[in-house]
Structure formats: structure tokens, C-alpha cells
Amino acid sequence: MSAVATPTTTWYLVLAAAVFSIGVVGVMIRRNPLVMFMCIELMLNAANLSFVALAERLGDIEGQSVVLFVMVVAAAEVVVGLGLIVAIYRRRPNVTADDLIELKG
Amino acid sequence: MIELFVFVAASAMVLVGALGVVLRRHPVHAALSLVLTLFGVAVHFVALAADFLAAVQVIVYAGAIVVLFLFVIMLLGVDRLEDLRIEPFKVQRPVAVVVGVAMVSLLGIAVAVSSDTGTATPGEGVAVAGFEGEALHDGNIIALARNVFGRHVFAFELTSVLLVVAVVGTVVLARRPRRGEATSDGAAS
Amino acid sequence: MLAASTTPVDFPALSLLILLPVLGAAVVALIPRRQGDIAKVVGLLTSVATGAIALWVLFAFESGVEGFQYVSQHPWIDDWGISWHLGVDGISLLLVALTGVLFPLVIAGVDPHHDHQRYLAWMLLLEAGVMGSFVSLDLFLFFVFFEIVLVPMYFLIGGWGYDQRVYAATKFFLFTMAGSAFMLVGIVATAVLAKADDGAVTFDLVKIAENADFATSTGRWLFAAFAIAFAVKVPLFPLHTWLPDAHTQAPTGGSVILAGVLLKLGTYGLLRFGVYLFPEAAVWARPVFLTLATIGIIWGAIAATMQRDLKRVVAYSSVAHLGFIVLGTFALTSAAVTGGLIQNINHGVSTGALFLLVGMIYERRHTREISELKGLQKVAPVFAGFFTIVMLSSIGVPGLNGFVGEFMVLIGSFGSARWWVTIAATGVIIAALYLLWAYQRVFHTEPDAANSSFPELRWREGMLLAPFVVLIVFCGVYPKPMIDRVQPAVDSLLAHVEERSGWSQPTPDEPVVPAEEPGEQEGED
Amino acid sequence: MGTDILDVMETPVLDWFALSPLLVLLGAALVMLVVGALTPPWPRHLATAVTCAAGIAVGVLGVLLWRQVDREGASLLVNDAVQLDKLTVWSMLIAAVGLVMVSLTSDGFGERENLAQPETHALYLLAALGAIAMAGANSLIVLFLALETMSLALYVLVASHRRRTASQESGLKYFVLGGFSSAVFLYGVALVYGGTGSTEITRMLVALDRQVDLDPMNETMMLAGVALIIVGLAFKVGAVPFHSWVADVYQGAPTPVTSFMASVAKAAAFVAMLRVLLIGLGHWADDYRPVIAALAVLTLVVGSVMAVVQTDVKRMLAFSSVSHAGFMLVGVEAAAHLPGTLESDGTSSVLLYVLVYSVLVLGTFAVVTAVSGHGDASTSLDAFRGLGRSRPVIALAMTVLLLAQAGVPLTSGFVAKFGVISAAAGEKSWLLAVLAMVSAVIAAYLYLRIMISMWVADPVAGDDARPPVQVSRPIAAVVAMSVAFTLFVGVLPGPLVGITP
Amino acid sequence: MLDLIWLIPALPLAGFLVLLVVGRRLGDPRAGYLATAMVAGSFLVSVGVFLELLGLPSEERHEVQRLFTWVPIGDVSVDLAFLADPLSLTMCLFVTGIGTLIHLYATGYMHGDPRYSKFFLYLNLFAFSMLMLVLGSNLLVTFLGWEGVGACSYFLISFWHERDSAATAGKKAFVTNRVGDWGLMMAMFFALWSLGSLDYLHISESATALSTTTATAIALFAFIGACGKSAQLPLYLWLPDAMEGPTPVSALIHAATMVTAGVFLMVRLNPVLAVAADYASWVIAVVGLATALFAATIAVAQNDIKKVLAYSTVSQLGFMFLAVGSGAYVAAVFHMVTHAFFKALLFLGSGSVIHGMHHEQDMRRMGALRIAMPVTAGTFIVGWLAIAGVPPFAGFWSKDEILLFAYDKSPVLYAFGLVAAILTAYYMTRQVVMVFFGEARWHDAHDEHGAHGDFTPHESPRVMLIPLVVLAGLSIVGGAMQLPFSKSLHRLEHWLEPVVERGEHHLTDSAKDIKYLLMAAAIVVALAGVAAGLAVYAARRFRAVEPCVLAEGWYYDRAVTSFMGGPGRKAFDGITALDARAVDGAVNGTGRLVQQIGSQVRRLQTGNMRTYAAAIAVGVVVLLAWFVVLRGVL
């Protein structure tokens, strides 16, 4: 065992950081609003992963409770977000982030 | 050893999935990559002694949310490929890369230098112990339940409001404009 | 300024000076449009009443006494140490009176061409603001009035001005506001930094000035913050460019008020809030202000010479004249400071009258272009006569009011700012040049067709101008009552400065051979 | 291991009275939804009446709570989830005022634009609930949830004008960026949780005290968390560079919604920011104070500069709102000189500012609502041309409100600015104070432009063809309230200044 | 009578006020009579005061009458007060005396002018100002009068303001005078701050306490003022142009009274000059002499009847300053008085000619007028002889005394003074010949004056001739007030002694010794000048030398004008442009810059949410960098 490292909380945190960053980059470069949502979900998951890892490190259940709430939030967000997209797509099918530039300046 | 293996494998799922979300051109593929990530995270949850959350992760996230995504994709027929090779904003992608690299490094540094051993007064643990302190198979759930419905009961109630908002919001959004109503497209700018 | 002596009569004169016009403005604004005439009467009566109170204050003022009179103090915002603290002393007295006199004249004499009621309401609000600025003895209160003045003036220029009114009004508003932005920070900082001594924050001018002891560099920074605001308002070179635009584009009444009293907020402020609060810094900044004032005198005069618009000529002449006032203020000798204050009044009267006259020309000819006007003296000699008197006053011919202040400033400053005065005094040469040249082009030679039907001065206009002329002559011949009221306050201010800053006023060298008093010689005869 | 199965669950002691405003709001929303669903054609004005009533009820309860807090001091509610102190009640009052005024504004608006009344009002109520909870949240979790509650309601409200593509576009933008920043915020919460071991704001410092002998390297993670939390909050208050959504969303949203966002939502965000930064993260005040200062400067300057080049009034006001946020950040910076307490001059200056600005902006947007006309679209500067002639009273009211925003004395706006400047000066942040005032001058140009358009601008051919501006009675009432408050506070600021916490 | 000093200026002031109110109703000629009466009244009062003063012992011959405090300057208060002493009374007498005559003359001369009453209004105002100038007990009251006469001069020069040239001339006079006023003001500043008072009595008592530098400064600055008022180089420019005014004005203001104010001032300040450095008086003397010469050369080539007299005036004033510079204060006053007599006479005479010639001023169109206007011619000839320095006319005595003192100071000054004197005699002879002798040349002018129909010069009305005769008489006997032959005949010197201590007994012996020799030389010179003039213009023995450069006044005026109109104006234009572009440009530029920045930043507001997300992300990274790197790790 000594030769092989055991994953510590830190590992998870770094992983979460990576996923978070990927999510951020995704929001920046994807044009499809749906995919942008997905990237935001990635970011939320990174946060969740961090919470759980830190809960483990701290020996504190609170971090896990938070994740539960976050999942609710994520669900609600997705519902509203998809509702928005549906409403928009009804009028402007296949619209992308780059097309929604009526308001600017 | 096994932990290491699980970690590496699950992390690979997570990362591959995450990259897939960002890089797959087809929205459906992106959604499926997201599922991969979510599963990976669920595995990590298990490894981190969050059994209940792992289950919820799979059920709610992978099961409900992603399905919702796919449903909308299908409903709207948003299955057009996104051409990731073209980028109207020349600076957008370099900025994204720089931001990504910088962010992962900064956050990485921040969390990597944090100490695993430093907790002077560790908390009460993520699972409830039995009478004699033996581990209970549902210790985590009990602990979580106590925490959620005890300490965080206000937050829990707040989620209900949140869900009401989501429901009402969707109703408002989904309502179609009555026929014959003029629209004011373009008049705003 | 130490002892605030109150007048025996317990009559809130100063508060009324502010509140009466506000009330009047409200009433005027609320009178239905159909009864516009009533509104006019109400507006006029309000301003006349205010003017009467102002004059009462002037005459009942105990001259020869230093310190504030008619003091009225009520708490306003306790938590911030702000109070409704009013009072007049010699420094502000004449300005209050001038304000009280100019407004009724302008309201009675100059009609706007439309929206009479709104115009009147703004005018009255403006009067309240100006009055408030002059009588406030609380930094916060002062700032409130100082800044609120912008609003009515902005609307007067913007609503009743000429072609470029929007540009001019905006420029005026923003320029002045930019200046006062610094002052607000300065005021707050002053109060905060002055707090250290007695624990409680106060914005009371007198308390701060007498008790606070700012570190040298702090005082200088604070002074700078105040000075910028006032320098814009004065306006001091090179911050003067809003003035020609605002003056030119404003309606006649607005121009008169602008030149007559609004600019005085700057010179008054420099003295009251710059020199009084921060004596050390004021002494330290003397060279800068003297230099800028001198440049302004010359620069304004030169620019006035080359203007093509008659109103701009007058506007630039204000830059030059106000330069004299600043010069006097920062010469920090009794005569110079007093002279500056006298010049405030005199400039208000003579430039105000000039603007009225230019306004009358515009009304008749619908142009202010000098090249469009010609030979008016032949067709309107009385008009020309009034113009001449006012012009000579503005040039600074002795015997008329313009001379007194200017001369006192120059001769007073000579003791402490010799070289600046040497240059500044040449401004009087150019002053003659630009006014006479403009006069020649407008009034002399044979009138052409367009000007030959120029109507002569009407009775009503004559009645409007008459008080100005009376003041011009009276103040030129017998300025002593004014000076007697001003000088004690100036002397006590300068004593304050000398005590705080190590500044010492130069005194005229005592002659070796003691002079016999002229009176004694009379006795010998 | 500390806990075992026998440990009793922490059952909360419920102070129903203290929670009553939230319950009133929730109840009103639910009643409206249920009844609305059952009786399709609602009588006119009923939704407004219900919302107004709820708002007034919240206001009254707020006042009662205020006196209670005044008497008994602050208290923690529901297992320390919510802090009942003057800040909370303050934002409760702002929410109450906001609800009343917005519902009145959107009363005529809903009819004019033919939008769903009960649902919209329910969403306002729920958003207000979220705002109050956000302001009172004593736990980052509650804060996050409240923020999401409010935000989700706002996303929907923003996009609720079904016939304006701009509305939907702005809704989506707001949603994506809001979600993005929420995620950032959440991640920050996670890191802070890792650093302090708690998500409870009042406990963080305590938790930290426990860890003084800890490996200082945790500090770094903690700081990263602080950074991300600041980003999340800065996004909500619209601080530069996290402001980019503000203009688009304010412009695209139905005008009453804009006013709600600029008042209630912004106020809640600022109160939350104060609470989190000063109490929760007070230990790191020295670290984040420069950041707040930098944000303040950027916000002030960019907001003002951008505002003056706009041609759409809503957009102008949006950027001016950004600029105002910068002013409030100056106050936050001042407050950050005294971390650990909410009783500094800085805090009260921010609170005063948010209240004053909220009322101002509610009135201003009420006028814009009236002017924007059918379709809620004619909000360009040209639409205001000649308002002074055709509608002098409303134009005068607008002028007062604009002057107040410009910070002209004898209006509440000046009092607010003065408070902030005083606070900044009190902490010797001279540069910030000066920059704030200078940018206020730049911003003043924008208000002048609107005033010019209303009063001075020459008529252009075709102006007569425009439909006349209709000012409904509720909107007039809103404007009147706003103007009255503005002038009252401007002339007699004493009482308000006296009670500002 | 001494209590009535105030009445001296008050009477003309009253006249002014009355005319201001009812002048137009009084009309032609009552307004003129009123004005004349007022000045005559002043004259009478002056005489009364004079007599009373004369009755006092010489050291008590000063009386200060204070009306009220005018301008308190710090602790020093400057009163509106009058000082009656020999000098001021001398001035008063000839100002009011000649003034009365000229007023009287003007009632005839201005007859029929549409602005008749206004003319007298100005004249009375002028008289008032001039009397304030001379009677003032301190520099400031003098300055009041000083500026007042300047203003009146402006009004009267541009009296016919419909003529652009008149308007321009008026303006030029005022502005040029202002340059001088600047000097006088500076002198006052120095005086106040070094002596603590502006009172003449105080100054003369404590002048000895002045440092040389200060005294020099006061003297020279005052001299600048004097140069402006008395039309000395380089500020003389306005005086020839001032001839645009009606001729009585030229006589009163620009010959007899106002222009001598500078000399008066320098005499007043003689105690200061005594303390001043040596070069100060040299400067004054040299400037005076140079002006005398310079103007005399120009007068030689002028064809306008009044221009000749104008340059002559400048030249004579130069003589007076030569006197002041040479310490001959009495001589300066003496010449001032005699000059007032004969120059007023000459101007009025020329006015009479102009009147008779229907406003023809060109001497080339005159000639032989002695027949048509015998009285005018006769009196003019008296004036001519007086100015030419032919004994026993008044001019001879005064000029002789000046030259004597000049010799005392330096023979070089004397030599040049003689040249100026000879030129004076020459050009005056030229004028007399051209106007009154030779053949009549006015017939050539018929075409231009066609409107007049049959044109014959006529003698002026009696009201105009009386003053001529009186002045002619004075020009003949005026010299009697100061004759060089014995001490007792130095009447003016004795009279002025309290004010001007320096008299003939201060002369060096060498000068005293050759006093009569110099007098003889002066006579020779005067006669030579007259002879030369006669030879050239009457006998036509020699061709007249009237080079263009002289006719054009050495091109000085033109140079100054073109400098003012050229580089000067360009400089003004430049500053004005700078004001508009640079100063105001900076202001507007700031506004524009803000807008520019706004428009640039606006482009970042693309409307695309991805851009916004990028902005947020960049913000996140920056904040993270700050917290993690700068605050955390480091």
C-alpha cells in the first residue's frame, strides 16, 4: 500500500476543480443553449463533488445535505431553463446563443 | 489499491464525460456524455461515504434531469450539429482556453495545498453510529436525514418554494400567446 | 467671526429669505395656467418681498461689527451633525442684498417669451438657492444650496435660452457639478477630520473653522477640493469656458442672474470656505490663484476683444472682472479682500445691466452679432446713453461703481502681490479696448437699413435700468457705507488667517516724517 | 464519533411571528395560484389588490418586527438558518414597498400587454419571499436556495412578455448567466465550507477560531472560495465585470419586472453581500477589501460611461443602475474596514442607499412603463420627447426622480450619496470617494439627456402621430409615492438617517 | 470764500445734471448759455478763492476741503477732498477762464447742430472732471478727474459719431490714455504702499523719506500716465486723431486744458521727483524734447489746419516736459498757461476759419482769408507770434524760461530745444501764410461744396469772435506774470513757491550768467523761423520741403496701426482661438473622450451571452489570481 497512494480528499477536490473549469470553458465556447445548460450542470456537479469530499474530510454531514439541496435546485433550474428554451424555440427554431443578440450595446 | 483504481476509473469517467459535454457536436451526444460524468460522480460519492447521495445522483440527475434534456432535444428537434470549428468571435476561444487553464491551475493550487490532516476538531462524521458505536448500514441516511430535517429544515422548506416557483414559472412560460395577438418583434431595439 | 452676535429683533429674516421664494415658486407653479397673470403678480410680489427683507437686513445690519448677525440655528440632521444654521456677516451681507435687489428687477423687467409661470417658478427657486448659499453657515447646508442652484439655472437656460441652449445648459450643469463633486468629498472629509477633537461630527462652519486644526498637507488637500468647485464657479482660468456659452445662451434674465449673483457664489465660497477654513493652505496656494486670476484678467479681456457676439463680449468680460475679485481675495490684505467683495457687487450691477441692454438689443433686432448692428446711437440716443454709462462702469471709470472695487483690489493687492498687480492692471487697458470697440461697431457710424428703425428705449425699460444706473453712480461716488459693513468682517477674517497661518499682511510703510492730519491743518488756517 | 443514533434530532424552535412575512407571501402566492387556476377570468385589479395587500401586510409585520428587534435585539431563527436583525427587516420593508409599487405598476401594464395576471403576481410574491430570505439568510445554503428562488422567479418574469422576442432573449441570457454565476457561487461556498467547516455565516468565525492552529495552507482554498462567493454576489448586484447581463436584461424585461429587479433584488443582494462579507468572511476583510474597491471603481466608471452613450432609456437606466451599484460598493468597501459588525457607517450608508435607490427606481420605471406604450417597446429617448409639453406633471415627477438619481441636493439621492461618501471618507478612502463623485457627474449627463428630451428638445415631424402617453391611476400613484418619498427624504433626511441601522 | 472751493467743480456738475435732464428742452442756444454760465460761475469762484489765498502768507496758502470719505483702502481712507493751493488755483483759473471763453465760443460754433445741448452737457462734464483733476487733494481724486476728462474727451472726439473716423479716434484716445492710466495707477500703488497715503500734502511732506528706487518708480510710472494724457512719445498718437472732434473741443481739451494734466501731475509730484534718481528727470526731459522735435517736424508737412495745431500742441507739451525734466516746474506751469492762451486762440481761430469755410479744413484750399475774416486773421496772427516765440508775446517768455533751464541741465538739451523752437516758428508761419495770405484757393473747392451754392468765406458771429479777442489779449500780455528781468517780476514763481520750491534761484551760476544771451538767441531763433517760413511760403524763395515721411508722421502711426491690426490682432485672434480650441477644446474633448470610451466599451457589450460569460470568467480568474496567488500562496 505504501507504494501506492490512497486517494485523499485533495484528489477529489482537484478533480472537481478540473470539472468545474471544463464547465466554465464549455459555457464560453458552446452555442447551443441546451449544451450550455449541461455545462452549468457540470459546474454544479463539481461543486457537489467538492462538498461531498470536504464533508468526508471534515467528518461533517452538512456537506452532504447541501448536495441534496443543490440537486433540487439543479432540477428546478433545468425545468425553468428548458421551459425558456421551449418558449423561444417555438418562435425561433434552432436558435443559438450567437443569434440572440437583439439586445446589445 | 482498490480505492485508487476506483478513483482513477471514476475520474476518467467524469473527465471524459465532461470533455464530451464540451466537445461533442451533437447535443444528444453531449447529454449522454453528461450522463457519463454524473455516473462517475456517483461512484465518487460512494467512495466518499455518501451512499444516499450517490443514489439520488443517479436517480435524479441521470435519471430525471438528463432525460428531461433529451426529451427537450427531441421535442424541439434540436439535433442539428453544432460546428465547433467555426467561431464568430475570434478572441472567444483563446480566451476560453486561457481562462480554462488559468482557472484549473488556480483552483487546483488552492485546493491542492489544502491539508487533509489539519482538521483539529473533526466533525461528527458523515454517518450515525449505532448504540455501541458500530457502523450502521443506514447510518449515512440517518445522519443526512437528521441534518436535513433538523438543522436545515428551513432550507428544506425553502426548496419547496423553489419548486413552486419552477412549476409556476414553467406554466407561465409554456403558455402560448393567444392567436391574433400581434408581436412586437424587433421593435425593442 | 468668533462671537456670533444676534440682532435684537427675533425675526427669522434669513430663513424667510430662503423659504419665501420657495413658497412663491410653489404657488406660482400651482396656479392654473388660465390665470397666468395672477401668477405673474404672485411671483413679482414674492421677489419684491424677499428683496425688501434683504434690504431690511442690509440696513438694520450693525455696521462696524464683526461676527454673524441674524443667526438662526435649528437642528436638521442630528445624526450627521447638520443644522439649519444661517447668518450674515459683512462678507455675505452685500451679496444677499444684491440678490434681493436683482431678482425683482429681473422678474419685473424681463419677460420670457413663453411659459411665463414655469419661468417664474424656476426663477424663484433660483433665488432661494442663491440666498441659501450666501447665508448658510453649515457646510452641508451650503452645499445643498450651492448645488441646487444648478437645477433652476439649467432649466432656465435649457428652456428659455437661444439656439445652442441645450449644449450650454448641459455644459454648465456638468462643469459645475464636476467641480462640486470634489467639494462634496472635501466637505465630508473636513467634517470627518475635524471630528477628532470633540468626538461629534459637525458640519458647522464656524465651529470647524475655529476649532479644527488640520495637518498641513491635509488642509491643503481639503482646500484644493473646495477650491476646484469654486474655481469652476467663479470661473477661474482655465475653467471658464462654460461661462461664455451659458451666458450667451441663457435668456436675458438668466444671464443677468448668472453674472450678477451666481458667479459670486464662487468668489464668496473661496473666501468663506477656502480662506476661512484653511488659512494655511490658502496662503500656500496664493501664487497659483494670483497667477490664474491674472491670466484670467488678461485672457478674458483679450478673448472678449475678439468676440463677434455682443453677449459673448460681455461674458468674457466677466471672466476678466472675476479675475480681479480672485486676485483681491488671495492678495489677503484688508483692502484687497474688501475690494474684491465690493467688486462682487459692482460687477453684478454693471454686468447685469449690460446683459439687460444686450437682451433689449436682441429683442429688437433678433441678433447679437456685432456685425449686424450699426449706428444705433443715432436712432436711439437714450438707449446708447444708458449703455454708455453701464459700459463706463464696466471699464472702471472712477466715479462709477466699477472703479471702486477694481481699484481697491489692485491697490490692496499691490502690497502683497506686486508683480501680479503690475500685470493685472494692464487688464484695464484691454477692458477699455473691447468695450469701446464693441460700442463703436454697434452704436457709432450711420445706421444701415436694418438698424435705422431700431426703437428707442421704452419707459418700462428705462425704469428697469434706472435702479442699475442709480446704483452704479451711488456706489461709485459713495461706497463707504458698503465698505464699512464689509471691512470689519474682512479684518477679522484676515486676523484669523494671520493667527492660523503665519501670514502677515503688509502694511503701508510708515513715513519717517509723520504726516499731519489734514484736519489739523484746517484748524491752523 | 460524536453522534449516535440516540442523539435527538435538532428540532427547531419556530418563531412564527418572525417568519410571518414569509408565510404571508407564500400564502398569498399559493392562494392566487390556486384560485387563479380555478376561476379563469379574474376580475380586473384583483391580482394587484392581493399582491398589494400582501405587500402591505409584509410592511406592517416588518414594522412590528422592527420594533421587536429594536427592543430585544437580533435573533436567530429556525436552527440559526435565518438571522432576524434590522438588516433583514430593512430588506423586508424594501420588498414590501417594492411589491406594492411594482404590483401597482404592473396592474395597468398587465392589462395593456395582456399578460397572465395571477401567475405574474404570484411570481413577484415568491421572488420577494426569496429576496427576504436571501437578505436574512444566516447560512450559505439558505442564501443559495433563496437566491435561486428569487432568481428563478425573475428568469421567468423577465421572459414573461410573450410577444416580445427581446423579453425572451433577455430571459434566456439572464438564465444562462445567472445559472453560471450561481454555480460559481456554489463552488465558492463549497471551498469556504472546506476552509471553515461550516456554512453558517455566524459560525464561520467561530469555526475559524477553532482552527487557528491549523495548517495555514487551508487558507488558500478558503480565499479561493471567498473570491468565488464575491463573484456570485457581484453578479447579482451587477458589478463590473459581472454586469454584462444587466443592460440587456433590464432592457428586455417587461418594465415593471425591471423595476423589481433594480430595487428588491438588488437590495437583497446587497444586504446578503454585507452579511456574508462582513460577518461570515470578516476575517478576510483585508484580503477582499481591495477587490471590493477595484470592483467599485470599475463599476462606477464603466456604468457611468456606458450609460451616457445609450439611446434607449431603459438601457440608460440599466447602466445607471450599474453605476449606482458602484456607489453602494463604495459603501461596502467602507463597511469592510470594520468587519465583524453590521453597525458601521458603511453598512448604514449602503442600506440607506439601497432603500432610497429602490424607491427612486421604482418610480422611474413606473414612468417608463407608462411611456413605453403598447408593446412595452417604445423606450427610446425619442419616446420621451415632448413629454414636458404633453404631460407636464408626469414629466416633472420624472425630472425629480432623475435629478435624485443624479444626486442633486434636497432629493433622497443626494442624501444617499452623501451617506456613502461620508462613510468612505470616514474610512479615509478618499480616492474612492472622489472617483465616485466624478463618475456621478458623468452619469448626470445621462439624466440630463432624458430631461432634455422631455423638456427642451424641439419636436420632430411625426411626433404628433405617436399615441399619447397614457398614465393609469395606479402608475400615477406609484410615481407620486416615489416622488413624495424622494423629496421628503431629501428635505428632511433626519428621521430616515436616524433609523437606518 | 475758501469754504466754497467745492463750488468750483460743483457748478459745472450742476450744469451737467441740468442739461442731462432738461437739456433738450432748453435747446439751442439756451443750453449753451447755461453751460457757459456755469463755467463762468466757477471762474468767478476761482477768482474769489485766488484772491483769498493771495491774501494769506505764502506758507499758509493751502486749504483742504474734505467732503466725505470716498474709498477706504484698509486703514488708509482716501477722501473726496479738494486742495486749494497756488498750483491748483492757477490751473483752476485758466481752466475755468479759458473754459468760459470756449463755451461761449461754442454756443456760436455749434449753432444748428442737432445735438447741441448734448455737446454742452459733455463740455460741462468735462469742466467738472478737469476741475476735479486739478483740485483733488489726493492722487485718487485727481485720477477721478483724470479718467473723467478722458471719458469726456472720448465723448467729444466722437461727438459726430456717425463718422467712422470720429468714432475710431475717440476710441483710440481713450484706449491710449488707458495705457497711461495704468502708469498712473502703478504710481498710486507705489505711493500708497511706500507713503501710506495718497494725499498731496502728505506726499510732499514725507517724500524725502522715500527711497530713491521707490521715488523713481513713482515718478516714472506717473510719467507714463502723463505721457498718455499729455500725448508724449510714444503715446501721442491719439491727439492728432482727436481733431475729429468739434473745434471748441480741440481748443479746450486737446490744447488748453486736458492735455496739460500730465504736466500738472508731474509738477504736483515734484517733491517725489526731487528724491528720485537722476535718470528719472533725464528720461522726462529727453522724452519731452524728443516729442517736441518729433511733433514739430511732422507739423511742418501737415495740410489740415487743425492737424498742424495738434502736432504743435504735442510739440509744445514736449517743451513743458522738457521743463519738468529740467526742474523748471514754474516754467512748465508758465508755459502751460501761456500755451493755453495762444493755443486756445489758434484753435478757436482755426475753428472760426473752418466755420467760415463751411467745414473745409484743408489749408491748400484756403488762402487770403484775412480779407474775409479780418478779426479771425488778426487774432490768429497774435497767436502765431505768441507761439513762434516772438517777444513780447506770451509764448516767448515761457519758452525762454524753459530753454534757460534746459541749458542749465545740459547744453545739448538746449540746442535741440532751439531746433524745436525754430521749427515751431517755421510751421506756424507756414500755416498763417497758407490760411490768411497768398491767393484765395477755395474756389477750387466749389464742385465739392456745390450744395452751398455761392460760396464765400465769411466772418464768424460775434459770440465766437469775443473769445478770440480776449484770448489774443491774453496771448499778448500773458508773459507778464513771469518776467525774467528781476526777482520781483517772478510773480508766478513766488505764487507757486509753496508748491514748487525749485525756482530760478536754483539755477547754476553759469546759466544765470548767460541768461540774457540765451534770451537773445531765442529771439533770433524765433525770428529766423518766421523768416524761413515767410521765405518759403509767402515769398516763395525756396521750394517747400514737405516730405512724405513728415506728412505721414514718420510713419509711426501707421506702423503702430499696422502692428495692432496685424501681429497684435493675430495674437489676440490666436489667444481667442486657443481659448476656443485648447481650453474649451479640452473641456469638450473630455466629454467626447468619455463618449468615445463609452462607444468603445460598448462594443464589448456584444449582446452575445457567451461574451458575457467570458467576461465573467475572466473576472473570476482575475479575482482568483488575486486571492490565491497574491493573498494566499505568496
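Just so it is clear: chains get the letters A, B, ... in the order the sequence lines come, proteins before strands, and each one is counted from 1.
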K.L.:
Is the distance between the ring centroids of D/Y250 and D/F319 less than 6.0 Å?
P.N.:
no
K.L.:
Can you measure from CG (A/L84) to CD (D/Q168) and round to the nearest 0.5 angstrom?
P.N.:
8.0 Å
K.L.:
What part of D/E148 gets closer than 4.5 Å to chain A, counting heavy atoms only: side chain, backbone, both or neither?
P.N.:
side chain
K.L.:
How far does CG of D/L33 sit from CG of D/L123, to the nearest 0.5 angstrom?
P.N.:
7.5 Å
K.L.:
When heavy-atom pairs shorter than 4.5 Å are enumerated against chain D, which of A/G63, A/P33, A/G23, A/A53 gives the highest number?
P.N.:
A/G63
K.L.:
Which residues in residues 241-249 of chain D have any heavy atom closer than 4.5 Å to a heavy atom of chain A?
P.N.:
D/D248
K.L.:
Angle class for the D/F175/D/Y155 ring planes (parallel below 30°, perpendicular above 60°, tilted otherwise)?
P.N.:
perpendicular
K.L.:
Is the closest side-chain donor-acceptor distance between D/D312 and D/S380 under 3.5 Å?
P.N.:
no
K.L.:
Apply side-chain hydrogen bond (donor to acceptor under 3.5 Å, both in side chains) to D/S181 and D/K236, showing your working.
P.N.:
CA-CA 9 Å; D/S181 73; D/K236 279 293 160 206; 5.4 Å; no
K.L.:
Begin with the C-alpha distance, continue with both residues' side-chain angles, and end with the deciding distance and a verdict on side-chain hydrogen bond (donor to acceptor under 3.5 Å, both in side chains) for D/T379 and D/Q251.
P.N.:
CA-CA 9 Å; D/T379 54; D/Q251 186 187 359; 5.3 Å; no
K.L.:
Among D/V184, D/L177, D/L191, D/T149, which residue has the highest count of heavy-atom pairs closer than 4.5 Å to chain A?
P.N.:
D/V184
K.L.:
Answer with side chain, backbone, both or neither: which region of D/V309 has an atom nearer than 4.5 Å to a non-hydrogen atom of chain A?
P.N.:
neither
K.L.:
For D/L186, is it the side chain, the backbone, both, or neither that has a heavy atom closer than 4.5 Å to a heavy atom of chain A?
P.N.:
both
K.L.:
List the atom of D/L125, the atom of D/A29, and the distance in Å for their closest heavy-atom pair.
P.N.:
CD1-N, 3.6 Å
K.L.:
Is there a side-chain contact between D/L154 and D/L157 in this structure, where contact means two heavy atoms from C-beta onward sitting under 4.5 Å apart?
P.N.:
yes
K.L.:
Tell me, out of A/A97, A/A55, A/C39, who's got the most heavy-atom pairs with chain D below 4.5 Å.
P.N.:
A/A55
K.L.:
For the ring pair D/Y193 and A/F51, is the centre-to-centre distance below 6.0 Å?
P.N.:
yes
K.L.:
Picking from A/L54, A/V72, A/L100, which has the most non-hydrogen pairs under 4.5 angstrom with chain D?
P.N.:
A/L100
K.L.:
Find the one option among D/L140, D/V156, D/T311, D/T199 whose heavy-atom pairs under 4.5 Å with chain A are most numerous.
P.N.:
D/T199
